[in-house]
Amino acid sequence: MTMVIDGIHPFNFGMIADGGQAFRWNLQADGKYIGVVKNYVFEICQKDNKLIIDSNGGNNETEFIKEYLDLYRDYNKIEEEMMKFEELLPVVNYSSGYRILFQDPWETTISFIISANNHIRNIKKTIENICRAYGEPIEFKGEFYYTFPTPEILAGVSEDELKLTKCGYRAKYIIETAKIIASGHVDIYNFNNISTEEMRKKLLMLPGVGRKVADCILLYSMRKFDAFPIDVWIQRILEHIYFSDNRVSLTKLQKFAEDRFGEIAGFVQQYLFYYARNCWQA
DNA sequence: AACCAGGTTATAA
DNA sequence: TTATAACCTGGT
């Protein structure tokens, strides 16, 4: 089916898809993006403030994709809040149109375990390999796409076999985490009534999940917008803007961002990241 | 050839 | 509590 959603602003799907929060969107030769989300395949084409979305299923994905794309949130208001920090004016201006997707916690957890000390190109390739090997096929416009496998399935894979997907030393983390989640020992789907800090503690129990990965999971799949993942780019840009390019420890930066940006820290992080990677040179 | 990339973990001061 | 090295993989 095809759906058309109009009047979205600010919104730039290219930034959202390639901005590093999701790894399963691919730009086609025709300028449209195709991605697998849950057990759906979506093809998204943006023209100005209009989205034309094609998908494999019936009509029930409209609500789903709107939530996924965070279309119900007023980003004008969020950008206004961010611009109250004068030093962020060029950042907000440059990164306007970015949105934080509402992704699946399990897929996000494994994806960001894979992301540790890794390149985006490798991350995407490994995730694609995992889906092809262990996911379910979906047909869309004559092509086959693959869902992200369940915790139960990855919990049953051997380390040597999983390493064929090029995840390297992260294989044991992925399998152990899958076992913990499949067993129900850590419930990553019950996050709505739990504070960010409490949920973070649970996530840190998973092997391969440290502070940065935990905050990515909180921000990209649990709508914990006070989470502030600090990777090397965020570290560099924070040191540049706020500490005269001096080296500052991660824990200190973490506290600094938490205090300064509070409830909108996650949005600030996203805008800063996009700005740091694509515009500013260290 | 050596080094690095969107970190985590184990080990030592 | 804070600092340092090792770690799969693929590219320069």
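Hydrogens, waters and symmetry mates play no part in the numbers below; they use all other heavy atoms, side chains included. Since this is a predicted model, take the numbers as computed values, not measurements. The sequence lines fix the lettering, A, B, ..., with proteins before strands; numbering per chain opens at 1.
The residue A:Pro229 sits apart from the nucleic acid: no heavy atom pair falls under 4.0 Å. The residue A:Gly208 sits close only to the backbone: its heavy atoms come under 4.0 Å of sugar-phosphate atoms, none of a base. Residue contacts for A:Phe273: at a heavy-atom cut-off of 4.0 Å it reaches a base atom on one of the strands shown. Using a 4.0 Å heavy-atom distance criterion, A:Arg211 is classed as a sugar-phosphate-only contact. At the heavy-atom level, A:Ile123 lies nowhere under 4.0 Å from the strands shown. Counting non-hydrogen atoms under 4.0 angstrom, A:Asn118 reaches the backbone sugars and phosphates but no base.
Aromatic ring centroids of A:Phe112 and A:Tyr220 lie under 6.0 Å apart. Centroid-to-centroid, the aromatic rings of A:Trp25 and A:Phe13 come within less than 6.0 Å.
The partner of B:dA13 is C:dT1, judged by Watson-Crick or G-U wobble contacts that both fall below 3.5 Å.
Here, B:dG6 and C:dT2 have their C1' atoms 23 Å apart, quoted to the whole Å. Nucleotides C:dC8 and B:dT11, compared at atom P, are 15 Å apart to the nearest Å. One P atom belongs to B:dC3, the other to C:dA5, and the distance between them is 13 Å to the nearest Å.
Using a 4.0 Å cut-off between charged side-chain N and carboxylate O, A:Glu81 and A:Lys84 make a salt bridge.
Listed candidates were C:dG10, C:dC8, B:dG6. Nearest to the side chain of A:Tyr169 is C:dC8.
A donor-acceptor pair shorter than 3.5 Å cannot be found between the side chains of A:Tyr145 and A:Glu139.
In this structure, A:Arg277 reaches the B:dG6 phosphate: one of its side-chain N or O atoms is under 4.0 Å from OP1 or OP2.
Between A:Tyr173 atom OH and C:dC8 atom P there is a gap of 9 Å when expressed in whole angstrom units.
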